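Bear in mind that the values here come from a model prediction, so they are computed numbers and not experimental data. Throughout, numbering of the chain's residues begins at 1 and tracks the sequence.
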Amino acid sequence: SDKSVRVDIDSGYQIIAKNPHFYIESIDPPNGSFFVDDSETNGRVKITFNERPASNFINSKYFKAQRKKIQRTPSRWETVTTRVQMHSWKPEVYIDFPSNDATPVFHTEDKTYFETGYKYRITVSKEVGI
């Protein structure tokens, strides 16, 4: 299918905030992943930082999820209401996409999270810090 997930930083760099010692180490599914399965990682994107970000940044204001229809004419990015959480002790932030059910669920087996014909992205604000 033709779904993709990517994580963008406002500034376009992996070094975020004003601190060069704070950065994203890895992303799962990997950044720029094309053709993710509709139930990939149960709709969860895991962003691993080198240190735990401050908890006041753990929300959709700083981790903005969007999707856009893949079509020949230009289409706009639309905001997706996600659940943003941090691991209790690891420097991992989880962005859970909603399922496409009438009443959406998060991070649940056997649901569709990434719909065919859309691309998805997460923009991490450069304000995020430790």
What's the separation between atom [atom1] in [X] and atom [atom2] in [Y], rounded to the nearest 0.5 Å?
| X | Y | atom1 | atom2 | value |
| --- | --- | --- | --- | --- |
| Lys68 | Ser75 | NZ | OG | 5.0 Å |
| Glu127 | Lys61 | CD | NZ | 8.0 Å |
| Ile122 | Phe63 | CD1 | CZ | 9.0 Å |
| Ile130 | Ser55 | CD1 | OG | 13.0 Å |
| Gln85 | Thr82 | CD | OG1 | 10.0 Å |
| Phe22 | Arg52 | CZ | CZ | 11.0 Å |

Determine whether [X] and [Y] make a side-chain contact, defined as any pair of heavy atoms from C-beta on separated by less than 4.5 Å.
| X | Y | value |
| --- | --- | --- |
| Pro98 | Val80 | yes |
| Gln66 | Tyr120 | no |
| Thr81 | Ser60 | no |
| Arg83 | His107 | yes |
| Thr41 | Pro29 | yes |
| Glu92 | Glu25 | no |
| Asn42 | Thr108 | no |
| Ile47 | Ile95 | yes |

Would you please indicate if the ring centroids of Tyr113 and Phe97 are separated by under 6.0 Å?
no
Please confirm whether Phe49 and Tyr23 have ring centers closer than 6.0 angstrom.
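No: the rings miss the under 6.0 Å criterion.
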What class does the angle between the rings of Trp89 and His87 fall in, given that below 30° is parallel, 30 to 60° is tilted and above 60° is perpendicular?
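Geometry flag for His87 against Trp89: perpendicular rings.
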Assess the residue pair Thr48 and Ile24 against the criterion (side-chain contact (heavy atoms from CB on, under 4.5 Å)); give the C-alpha distance rounded to whole Å, side-chain angles, the decisive distance to 0.1 Å, and a yes or no.
CA-CA 6 Å; Thr48 305; Ile24 292 174; over 6 Å; no
Please answer: with hydrophobic residues joined when any side-chain heavy atoms are less than 4.5 Å apart, are Met86 and Phe57 in the same cluster?
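Both belong to a single hydrophobic cluster.
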Could you tell me if Asp101 and Thr103 have a donor-acceptor pair between their side chains, going purely by distance under 3.5 Å?
no
Would you say the side-chain atoms of Ser99 pair up with the backbone N or O of Val105, donor to acceptor, closer than 3.5 Å?
yes
Does the cation-pi check pass for Arg67 over Trp77, that is, NZ or CZ under 6.0 Å from the six-membered ring centre and within 45° of its axis?
no
Side chain to side chain contact (heavy atoms under 4.5 Å, CB included) with Asp110: which residues, sequence neighbours excluded?
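Asp110 satisfies side chain to side chain contact (heavy atoms under 4.5 Å, CB included) with no residue once adjacent residues are dropped.
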Restricting to ring-ring contact (aromatic ring centres under 6.0 Å, His included), what partner residues turn up for Tyr94, sequence neighbours left out?
none
Charged N-O contact under 4.0 Å between Asp28 and Lys46
no
